*Asks:* 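First, the structure itself, so that you have it in front of you.
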Amino acid sequence: RPLPDPVNVRLITAGVVLTDFLVALEATVVSTAAPTIVQDLGGMSLYAWVFTAYMITVTVSGPIWGKLSDLYGRRSIYLISVALFLAGSALSGQAHSMAWLIGFRALQGLGGGALTPLGQTVLAEIYSLKDRARMQAMITMIFGVASILGPLVGGYLTQHANWRWIFYLNLPFGLAGVTVLALTLPAHQAGSKVKFDLAGSLLFSAALTFALLWSEGVPHWQASDPRLWGGALLALALFGVFLRLEKSHPDPLLPPALFRLRMFSAGSILMTLVGMTLYGAITYIPLFYQSVLKATPSEAGKALSPLLFTWIAGSMVSSKLILKAGYRITVGIGVIGFLLAYLLLANAGPLTPTPELLLAAVLVGVGGGFTIAPLVIGVQSVVDKPQLGAATSEILFFRSVGGSVGVTLMGVAMNASQKIERAFDLGLLFCVAALAAWFLLPPGNAEAVEAKGVPPE
């Protein structure tokens with residue numbers, strides 16, 4: 001329900017938007033500055049870790065922050081996470097070696113992992129279903145704008161000031177955002193008195209971190225390499241122990257009750273597949289332009305512009321469409337968009353006309369816009385408030401994990417055949433799987449799904 005004070009609602013929204021913009025910007029702002037950073041600090045062999053350290057801690061920490069906010073309240077957990085993000089930013093700007101920069105980026109990601117899921121959780125608590133759809137569209141637009149601006153801001157600051165300013169830039173805006181939230185976000189008691197699942201969280205973090213590190217190496221290993229199969233078995237074993245431990249905890253990190261909700265279970269499967277198809281396209285479309293069409297890096301980067309713009313536009317339309325047509329029809333449009341896009345990409349080659357490739361990018365954007373925002377809103381609408389943080393962070397977590405898995409598997413397919421088109425063939429299979437999972441979504445408009453989606457006792 002909306003807060004009674006509309007001024008507070010607007011201020012809280014402004015604080016959430018500001019912090020969410022910073023974490024979205026941070027995901028891409030380093031890309032254009034990275035060569036200069038390596039030139040200044042040395043350690044070329046550690047280049048990839050500047051990105052990997054941040055993305056791993058962002059992905060791993062999200063569900064944990066969401067659960068903590070359910071147990072101990074949004075305000076305190078939100079403020080702690082912003083403080084960690086800003087501390088990581090300030091320290092990254094002070095780094096004088098690649099090793100220290102990687103460590104500080106990991107700290108930055110640890111705080112940043114909370115900002116998007118907790119921000120969306122807070123907005124879900126202060127807005128009605130109708131207004132929440134509008135807010136979700138706005139958050140998606142902010143993410144898209146930040147993704148576009150990130151490389152531009154990073155390049156400008158590196159060229160005209162110093163690469164350290166790409167981290168210092170977070171401080172004034174982050175402090176403004178956290179101040180607004182500290183003054184306006186209500187300090188409320190969480191609905192559960194159960195102790196935090198510390199052992200499960202530590203094991204989950206270890207298992208997922210290892211799995212993500214393992215996935216980074218998969219495209220570069222041969223089938224006979226013992227690291228390939230040994231790593232897979234170890235990752236599965238760690239997750240097996242985690243799941244066994246969770247069964248005995250009274251309030252586990254990943255509550256089984258959530259998966260008994262049709263909207264959550266179907267949404268989780270679909271969001272994973274959406275992450276696989278969306279981030280696979282974002283990764284391999286520019287590579288196709290460079291390796292097959294012999295385009296410059298700048299031209300390859302511009303090839304994603306239609307994707308980002310239609311993603312934003314699709315999110316704005318889909319967030320309204322769910323109120324009338326429901327999640328199944330809305331998400332179905334997105335799944336069909338992905339399917340058509342990968343049909344074009346799987347048949348692309350050196351002689352493929354540019355308009356056809358641009359159409360594929362447009363359709364991928366439609367896919368992202370008509371699936372992600374509706375699935376987040378749908379999950380938020382069927383859970384009780386004490387589980388809202390966990391549910392929001394987990395559905396976004398599935399998107400991130402799906403992206404990592406999809407990019408890795410598509411890389412394996414490409415390396416095995418030495419043809420980038422094979423990556424798109426595999427992406428087409430992801431789309432078919434998403435189409436099959438789409439049938440699992442509950443029928444009815446958003447209000448009907450919300451009314452029926454009462455969590456089991």
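All of these numbers come straight from a predicted model, not from anything done at the bench. Throughout, numbering of the chain's residues begins at 1 and tracks the sequence.
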*Asks:* With the side chain counted from C-beta on, respond yes when C431 and V335 share a heavy-atom pair under 4.5 Å apart, and no when they do not.
*Replies:*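 Sidechains of V335 and C431: no contact.
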*Asks:* Side chains of L396 and Q120: does their closest heavy-atom pair fall under 4.5 Å?
*Replies:*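 Sidechains of Q120 and L396: in contact.
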*Asks:* M263 versus L375: any side-chain heavy-atom pair under 4.5 Å?
*Replies:*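 Yes, at least one pair of side-chain atoms sits under 4.5 Å.
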*Asks:* Not counting sequence neighbours, which residues clear side-chain contact (heavy atoms from CB on, under 4.5 Å) with V405? List them please.
*Replies:*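 Scan of V405 (side-chain contact (heavy atoms from CB on, under 4.5 Å), adjacent residues dropped) gives M276, V401, L409.
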*Asks:* Just by distance, no angles: are the side chains of N8 and T184 close enough, under 3.5 Å, to form a donor-acceptor pair?
*Replies:*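 Result is no, nothing qualifies.
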*Asks:* Which pairs would a plain distance check flag for residues 278-287, meaning a side-chain donor or acceptor within less than 3.5 Å of a matching protein atom at least two apart in sequence or in another chain?
*Replies:*
from: T283; atom 1: OG1; to: Y279; atom 2: O; distance (Å): 2.8
from: Y284; atom 1: OH; to: V407; atom 2: O; distance (Å): 2.8
from: Y284; atom 1: OH; to: G411; atom 2: N; distance (Å): 3.0

*Asks:* Could you give the distance from CG (L185) to CG (L79), rounded to the nearest 0.5 Å?
*Replies:*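 Interatomic distance, L185 CG to L79 CG, rounded to 0.5 Å: 7.0 Å.
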*Asks:* Take I333 and L321 through the test side-chain contact (heavy atoms from CB on, under 4.5 Å) and record every step on the way to the result.
*Replies:* CA-CA 11 Å; I333 294 172; L321 186 60; 3.8 Å; yes
*Asks:* Looking at Y156, I'd like to know if its OH atom is crowded, meaning that more than 12 non-hydrogen atoms belonging to other residues, nucleotides or ligands lie closer than 6.0 Å.
*Replies:*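 No.
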*Asks:* For salt bridge (charged side-chain N to carboxylate O under 4.0 Å, His left out), just list the numbers for D70 and K67, CA-CA rounded to whole Å, side-chain angles, deciding distance to a tenth of an Å, and then say yes or no.
*Replies:* CA-CA 5 Å; D70 285 339; K67 188 64 178 181; 5.3 Å; no
*Asks:* Check L253 against I64 and note the closest heavy-atom contact, atom names and distance.
*Replies:*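 So the two residues come closest at CD1-CA, 3.9 Å.
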*Asks:* With a 6.0 Å cut-off (strictly less than), is the heavy-atom count around CD1 of I329, excluding the residue itself, greater than 12?
*Replies:*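 Atom CD1 in I329 is not crowded, with 12 or fewer foreign heavy atoms closer than 6.0 Å.
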*Asks:* Verify, without hydrogens or angle tests, whether Y168 (side chain) and G93 (backbone) share a donor-acceptor contact under 3.5 angstrom.
*Replies:*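 At least one qualifying donor-acceptor pair exists.
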*Asks:* Taking atom CE of M410 and atom CE of M414, what is their separation to the nearest 0.5 Å?
*Replies:*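 Going from CE on M410 over to CE on M414, the span is 9.5 Å.
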*Asks:* Among residues at least two apart in sequence or on other chains, which ones pass side-chain hydrogen bond (donor to acceptor under 3.5 Å, both in side chains) with R105?
*Replies:*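 Partners of R105 under the side-chain hydrogen bond (donor to acceptor under 3.5 Å, both in side chains) test: E26, Q108.
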*Asks:* Taking side chain as C-beta onward, heavy atoms only, is R399 less than 4.5 Å from M271?
*Replies:*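 R399 vs M271: side chains touch.
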*Asks:* Can you pull the side-chain hydrogen bond (donor to acceptor under 3.5 Å, both in side chains) pairs that have at least one residue in residues 343-371, sequence neighbours excluded?
*Replies:*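 Listed by first then second residue: nothing to list.
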*Asks:* Testing the basics here: between L435 and L339, what is the closest heavy-atom pair and its distance to 0.1 Å?
*Replies:*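 Taking every non-hydrogen atom into account, CD2-CD2, 4.4 Å.
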*Asks:* Could you walk me through whether F288 and F424 pass the side-chain contact (heavy atoms from CB on, under 4.5 Å) check?
*Replies:* CA-CA 10 Å; F288 177 85; F424 295 135; 4.0 Å; yes
*Asks:* Sequence neighbours excluded, which residues qualify as salt bridge (charged side-chain N to carboxylate O under 4.0 Å, His left out) partners of R164?
*Replies:*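 Applying salt bridge (charged side-chain N to carboxylate O under 4.0 Å, His left out) to R164 gives none.
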*Asks:* With a 3.5 Å distance limit and no angle check, can you tell me whether S318 reaches the backbone of G369 through a side-chain donor-acceptor pair?
*Replies:*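 Flag set: sc S318 to bb G369 pair under 3.5 Å.
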*Asks:* Roughly how far, to the nearest 0.5 Å, is CD of E125 from NZ of K385?
*Replies:*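 Output value for this atom pair is 4.5 Å.
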*Asks:* Quick one: side-chain hydrogen bond (donor to acceptor under 3.5 Å, both in side chains) partners of Y78, sequence neighbours excluded?
*Replies:*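 With sequence neighbours excluded, Y78 shows a side-chain hydrogen bond (donor to acceptor under 3.5 Å, both in side chains) to T19, given in chain and number order.
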*Asks:* Any idea which heavy atoms bring R74 and S69 closest together, and the distance?
*Replies:*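 Smallest heavy-atom distance, with atoms named: NH1-OG, 2.8 Å.
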*Asks:* Do S319 and I377 make a side-chain contact, defined as non-hydrogen atoms from C-beta onward lying under 4.5 Å apart?
*Replies:*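 Yes; the side chains approach each other to less than 4.5 Å.
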*Asks:* Could you tell me whether a side-chain N or O of W438 sits under 3.5 Å from a main-chain N or O of L270, the two making a donor and an acceptor?
*Replies:*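 No, W438 side chain to L270 backbone: no donor-acceptor pair under 3.5 Å.
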*Asks:* Are the side chains of S89 and F85 in touch, meaning some heavy atoms are under 4.5 Å apart?
*Replies:*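 S89 vs F85: side chains touch.
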*Asks:* Can you find a heavy atom in the side chain of S393 that is under 4.5 Å from one in the side chain of T121?
*Replies:*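 The answer is no, as the side chains (C-beta and beyond) never meet within the 4.5 Å cut-off.
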*Asks:* Applying side-chain contact (heavy atoms from CB on, under 4.5 Å) to F167 and Q94, what does each step give before you reach the verdict?
*Replies:* CA-CA 9 Å; F167 300 111; Q94 289 289 309; over 6 Å; no
*Asks:* Under 4.5 Å between any side-chain heavy atoms of E394 and F264, yes or no?
*Replies:*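 In short, these two side chains touch, coming nearer than 4.5 Å.
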*Asks:* May I have the step-by-step check of side-chain contact (heavy atoms from CB on, under 4.5 Å) for L101 and W49, ending in yes or no?
*Replies:* CA-CA 9 Å; L101 177 60; W49 283 97; over 6 Å; no
*Asks:* Do T392 side-chain atoms and P117 backbone N/O form a donor-acceptor pair below 3.5 Å?
*Replies:*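 Checking the backbone N and O of P117 against the side chain of T392, no donor-acceptor pair under 3.5 Å is found.
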*Asks:* Should we say atom CZ of F309 is surrounded by more than 12 heavy atoms from elsewhere, each under 6.0 Å from it?
*Replies:*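 No, CZ of F309 has 12 or fewer neighbouring heavy atoms, counting only those of other groups under 6.0 Å.
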*Asks:* Restricting to non-hydrogen atoms, name the atom on I12 and the atom on L181 that form the minimum distance, rounded to 0.1 Å.
*Replies:*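 Heavy atoms only, the tightest pair is O-CD2, 3.8 Å.
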*Asks:* Using a 3.5 Å distance criterion without hydrogens, assess whether the side chain of T57 forms a donor-acceptor pair with backbone atoms of A106.
*Replies:*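 Here the side-chain-to-backbone pair exists.
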*Asks:* Would you compute the distance between atom CZ of F370 and atom OG1 of T330 and round it to the nearest 0.5 angstrom?
*Replies:*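 Rounded to the nearest 0.5 Å, the CZ-OG1 separation comes to 7.5 Å.
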*Asks:* Taking all non-hydrogen atoms of both residues, which atom of A437 and which atom of I269 are closest, and how far apart?
*Replies:*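 Scanning both residues, the minimum pair turns out to be CB-CG2, 3.8 Å.
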*Asks:* Testing the basics here: between L441 and Y327, what is the closest heavy-atom pair and its distance to 0.1 Å?
*Replies:*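 Closest approach of L441 to Y327, heavy atoms only: CD1-O, 4.1 Å.
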*Asks:* If I take atom CZ from residue F338 and atom CG from residue L343, how far apart are they, to the nearest 0.5 angstrom?
*Replies:*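 CG of L343 is found 13.5 Å from CZ of F338.
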*Asks:* Once you round to the nearest 0.5 Å, how far does OG of S81 lie from CG of L115?
*Replies:*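 Result: 4.5 Å between the selected atoms.
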